[in-house]
Amino acid sequence: MPTIVVEVMPKAELLDPQGKAVAGVLGRLGKSRFTSVRLGKRFELTIDGPVDEAVLAEVRELADSVLSNAVIEDVVGIHVVGADSTVGASA
């Protein structure tokens with residue numbers, strides 16, 4: 001069964017307190033090479049049957065209306081993992 005992965009990130013212009021906290025920990029661990037961290041969300045939607053353009057259109061709609069908050073987040077990626085997919089996708 002194929003899985004459709006939806007990736008959501010906070011809008012670039014917004015503060016990311018969780019990312020800032022992780023970046024601080026990395027600095028305290030001596031990992032100063034990493035200067036910035038942003039945390040997002042990943043959704044995995046498993047589907048019974050092949051993935052076609054109609055399924056991807058439905059997932060795009062769900063990503064915009066349910067899986068993300070358009071005021072503070074961007075859908076940055078939608079892609080298909082696994083067998084039975086007939087198309088690929090991106091945000």
Side-chain angles (χ1 to χ4, degrees):
M1 283 191 247
T3 299
I4 302 169
V5 177
V6 178
E7 298 167 325
V8 177
M9 292 294 292
K11 289 189 179 284
E13 60 272 12
L14 296 179
L15 296 176
D16 181 1
Q18 290 178 308
K20 188 173 182 175
V22 171
V25 169
L26 293 177
R28 288 190 296 280
L29 293 173
K31 308 297 182 186
S32 59
R33 173 183 313 214
F34 305 101
T35 58
S36 177
V37 177
R38 295 199 51 87
L39 272 66
K41 299 185 286 190
R42 173 185 166 115
F43 298 90
E44 295 184 358
L45 307 166
T46 302
I47 185 164
D48 187 16
V51 177
D52 58 18
E53 285 299 330
V55 170
L56 288 175
E58 186 175 5
V59 170
R60 285 186 200 101
E61 181 182 323
L62 289 171
D64 290 336
S65 64
V66 177
L67 304 179
S68 68
N69 178 341
V71 174
I72 61 170
E73 298 172 317
D74 290 322
V75 176
V76 297
I78 298 174
H79 61 275
V80 181
V81 179
D84 298 323
S85 62
T86 58
V87 294
S90 62

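Atom NZ of Lys41 is separated from atom CG of Asn69 by 7.5 Å, given to the nearest 0.5 angstrom. Atom CG of Asp64 is separated from atom CD1 of Ile78 by 7.0 Å, given to the nearest 0.5 angstrom. Interatomic distance, Leu15 CG to Ile72 CD1, rounded to the nearest 0.5 Å: 11.5 Å. Note that the CG atom of Leu14 and the CD atom of Glu73 stand 9.5 Å from one another [nearest 0.5 Å].
In plain terms, the two heavy atoms of Val22 and Leu39 that are nearest each other are CG2-CD1, 4.1 Å. Of all heavy-atom pairs spanning Gly40 and Pro10, the tightest one is CA-CD, 4.3 Å.
A donor-acceptor contact shorter than 3.5 Å is absent between the side chain of Asp48 and the backbone of Met1. A donor-acceptor contact shorter than 3.5 Å links the side chain of Ser68 to the backbone of Ala63. Distance alone, capped at 3.5 Å, places no donor-acceptor pair between the Asp74 side chain and the Val76 backbone. In this structure, Arg60 contributes its side chain and Val55 its backbone to no donor-acceptor pair below 3.5 Å.
Looking at Val80 and Thr3, their side chains never come closer than 4.5 Å, going by heavy atoms from C-beta outward. Taking the side chain as every heavy atom from C-beta outward, Phe43 and Val8 approach each other to under 4.5 Å. For the pair Val75 and Leu67, the minimum side-chain heavy-atom distance is 4.5 Å or more. Residues Gln18 and Arg38 form no side-chain contact, since every pair of their non-hydrogen atoms from C-beta on lies 4.5 Å or further apart.
Following chains of ILVMFWY side-chain contacts shorter than 4.5 Å, one cannot reach Val37 starting from Met9, and the two form parts of different hydrophobic clusters. There is a path of hydrophobic side-chain contacts, each under 4.5 Å, that joins Ile4 to Val66.
Shown here is Lys20, whose NZ atom has no more than 12 heavy atoms of other residues, nucleotides or ligands within 6.0 Å. Within 6.0 Å of NZ on Lys31 lie no more than 12 heavy atoms contributed by other residues, nucleotides or ligands. The environment of Leu29 atom CG is dense: over 12 non-hydrogen atoms of other residues, nucleotides or ligands sit within 6.0 angstrom.
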Let me see the working for Arg42 and Glu44 under salt bridge (Lys or Arg N to Asp or Glu O under 4.0 Å), right down to the final yes or no. CA-CA 7 Å; Arg42 173 185 166 115; Glu44 295 184 358; 2.8 Å; yes
